[in-house]
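Residues: numbered from 1 along the sequence shown.
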Amino acid sequence: MKPYYDNDGKPLPYPWLINLVLLLAGGSETVRLKFWSRKPRHIAEKTLRDILTLSKDTVYGKEHHFDVILSATSAEELFRLYRHYVPANDSFETLRPYVERHKNGETDILFPGKPDMYATTSGTTSEPKWVPMTHKYLKDVYGKMSHIWTWNFVKHRSRIFGGHIFPIVGKEVEGYAPDGTLYGSVSGVLVRDIPGIIKKHYTAPASVMAIGDYTARNYTLMRMAMQHRDVTLWATANPSTILELMRSVEEHIDEMIVDIEKGTLSDKFEIQPEIREELQRWISPKPERAAELRKLQAEGKLEPRYWWPWLQYLSTWKCGNTKIYMEKYMDKFDWDRTFYQELGYIATECRFGFSLDDTNESVLFPHFHYYEFVAEDELSSPKKHFLQIDELEMGKRYCAYVTTYSGLFRYNMNDLIEVGGKYGNTPTIHMISKVNGIVSLTGEKLYEPQFIDAVHEAEAEMGLKTKFFVGFADVEESKYHFYFEFADKMVQKKKGKEPEAEEVTQEEADAFGMCVDKHLQQINIEYESKRASFRLHEPESHLLMSNAYARFKAACLRDGFRDGQFKFNLLMQDEVRRGKFKLIEKIAGRQNTLGERLMNRADNLDERLKERQAKRQERREERQERREERKEARQERRQERKERRQNKKTDNK
């Protein structure tokens, strides 16, 4: 069946006006991208010169001799002088002093003037990163890249804007810097400023993302989207968000249907009054849609492919460890109708690139950013060789550095990327993992994908299924801690009966962890040698509570993370995050301990009851024995009196 028709044969409208606008805006930018992608080295030189010229009179530009760098007469000399005068910023902390001056109202520090906003995200310290976003970057980079992105949707599904679109972005405004500049989510600001011709197709206003309670926010997002049958685009960075929103429907479908039928928003959820008031303008009673959802519920069809029969596009991250979460919902969509596209290499610091086809490869934008790369085998070297964009080799892996129009100079993205094919003459790339997803306690260089593969091998070998897992490197103990949440195993307890579900025990978890360890040794020869030499000790396995990932993520969101920024590694050296899992484990342990105590108390109670019953029986027997003794004594006394009377009669005669 064609993607533009639902199961009843009803067609999706063709949005002529929107498509024309996107053709004019996005089509022209796509042509520009294709032109510069044919000349990657030339445009790399031009972009770097433009950025340095823009900032040469700033504090940072003067300190790092941008004027001297710009005196270069060739691309090779420009790149060499840039590397010589501007050190690689391997941490945001080296740029933080400059950003702080901007935050406190100073101008011309990293770039001319002040930023339009700050994009905040977690950093290596307890203080978050405040990534400045200039007007030029938001307008000439983010804005124009968005034109290409939306036009790309139309090229793959020409009627995508014929229905409602469901993007999930960060909170637009989270607060203000000391000088009054707002900070929040770049995606939230862009959604706020999107043209009205497209904004009217959104399922909900951007203010939904400001709902403080996480459960309430998820419910509201899905309640607003589920009222529409014609949702055509669902976009969110993290696939785990898809799972959580689907779970929200499962848990609250009855309330959701009632809300849709009556045009209400349940009072059970804590939602700020001003947001409730705004949402009322987006909802109205829809009894027919409610009836349709009730029918789907009765038929057991509460899945996206049935909720939204015209769903044209799903866009999330698909690379790195995110595919673990997407695998859990792949059978819930109709892929003959829905085009599933990798969101692209997008981070808080910059919009590095995004996918334009059905592969996972991100197209780079060399006319918007200046890129440098370090080969994977040099990541630990004190003298790194920085490569230009045209020097990358297909199939090889690199760490990416970026220079932007927003004050990031030679900034380490801390990401391991792999080169795919080419767009024009410019290499495409896809994400493998964070560089801190490579853990090395004693030189083993254990990669996150290797750990993921080892867990899957252990699942196949032992017949157990994990719902979630994570590994932490422990430097002090020189070992790894594996945390597992298992699905219940099915056990045949009685012949001829249906298998019954049983929880995985700690002993089974320990055996599973050792099986993972065995496969890691097979996958990674360095890990094998370190284990064999006892430099790495046996890993320790831990059982987690149910829904461990959701609990952990909710805790992080309460601590200030935004959903789109929530990039979680499954293998890491991070005692702060491990502490959260220790807490989850301890809670579970306390529950088990409580259960054991209750059972012990119950057993003790039974024993005490038996003891009391025995004592009561003993006392009853003693009382009975005493009664028998008294009875016998009375009988003896009666017999003695009788004998005395008889003897007295005999004496009288």
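- In this structure, CD on Glu349 lies 11.5 Å from OG on Ser406, to the nearest 0.5 angstrom.
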Run the ring-ring contact (aromatic ring centres under 6.0 Å, His included) test on Tyr325 and Tyr549 for me, step by step, so that the C-alpha distance in whole Å, both residues' side-chain angles and the decisive distance to 0.1 Å come before the verdict. CA-CA 11 Å; Tyr325 308 106; Tyr549 176 78; 5.1 Å; yes

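- Side-chain contact of Glu29 with His147: a donor-acceptor pair under 3.5 Å is absent, judged by distance alone.
- Within a 6.0 Å sphere centred on NZ of Lys328, heavy atoms belonging to other residues, nucleotides or ligands number more than 12.
- For the atom pair CD of Gln297 and NZ of Lys295, the computed distance is 14.0 Å after rounding to the nearest 0.5 Å.
- Between Phe581 and Val470 the shortest side-chain heavy-atom distance falls below 4.5 Å.
- For the ring-ring contact (aromatic ring centres under 6.0 Å, His included) criterion with Phe365, the lone passing option out of Phe354, Trp149, Tyr345 is Phe354.
- Between the side chains of Arg578 and Tyr483, at least one donor-acceptor pair of N or O atoms lies under 3.5 Å.
- Residues Phe482 and Phe512 keep their aromatic ring centres 6.0 Å or farther apart.
- Side-chain atoms of Thr316 and Asn238, non-hydrogen and from C-beta on, never get closer than 4.5 Å to each other.
- Not counting sequence neighbours, the partners of Arg276 by the side chain to side chain contact (heavy atoms under 4.5 Å, CB included) test are Leu265, Asp267, Ile271.
- Using bins of under 30°, 30° to 60° and over 60° for the plane-to-plane angle, the ring pair Trp308/Trp234 lands in the perpendicular bin.
- The side-chain heavy atoms of Ile432 and Pro449, taken from C-beta on, include a pair separated by under 4.5 Å.
- Asp259 and Tyr219 share a donor-acceptor pair across their side chains, judged by distance under 3.5 Å alone.
- Side-chain polar atoms of Glu485 and Thr466 form no donor-acceptor pair below 3.5 angstrom.
- A salt bridge links Arg229 and Asp8; the closest N-O separation between the charged side-chain nitrogens and carboxylate oxygens is under 4.0 Å.
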List the steps and the verdict of side-chain hydrogen bond (donor to acceptor under 3.5 Å, both in side chains) for Asp334 and Tyr306. CA-CA 9 Å; Asp334 180 357; Tyr306 301 116; over 6 Å; no

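- Summarising the geometry, atom CD belonging to Glu508 is positioned 13.0 Å from atom CZ belonging to Phe484; distances are rounded to the nearest 0.5 Å.
- Salt bridge status for Glu303 with Lys332: present, with a side-chain N to carboxylate O gap under 4.0 Å.
- Atom-to-atom distance recorded for Arg157:CZ and Phe339:CZ is 7.0 Å, nearest 0.5 angstrom.
- If you check the side chains of Glu278 and Ser207, you find a donor sitting under 3.5 Å from an acceptor.
- Using bins of under 30°, 30° to 60° and over 60° for the plane-to-plane angle, the ring pair Trp335/Tyr340 lands in the parallel bin.
- Taking the six-membered ring wherever Trp is involved, the centroid distance between the rings of His228 and Phe166 does not fall below 6.0 Å.
- Considering only heavy atoms from C-beta on, Thr232 stays 4.5 Å or farther from Phe161 through its side chain.
- Geometrically, Arg159 engages Tyr4 in a cation-pi contact, judged by NZ or CZ lying under 6.0 Å from the ring centre and within 45° of the ring axis.
- Contact check for Leu416 versus Tyr447: side-chain heavy atoms found under the 4.5 Å cut-off.
- With hydrogens and angles left out, the side-chain atoms of His164 and Asp230 include a donor and acceptor closer than 3.5 Å.
- Counted by atom type alone, His519 and Gln450 present zero donor-acceptor pairs between their side chains at under 3.5 Å.
- Between Tyr137 and Tyr142, the gap from one ring centroid to the other is short of 6.0 Å.
- If you take CH2 on Trp282 and OG1 on Thr203, they are separated by 7.5 Å, rounding to the nearest 0.5 Å.
- Interatomic distance, OG1 of Thr236 versus CG of Leu343, reported as 8.0 Å (0.5 Å rounding).
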For Phe451 and Phe469, what are the C-alpha separation, side-chain angles and deciding distance, and is it a ring-ring contact (aromatic ring centres under 6.0 Å, His included)? CA-CA 10 Å; Phe451 174 59; Phe469 58 89; 5.7 Å; yes

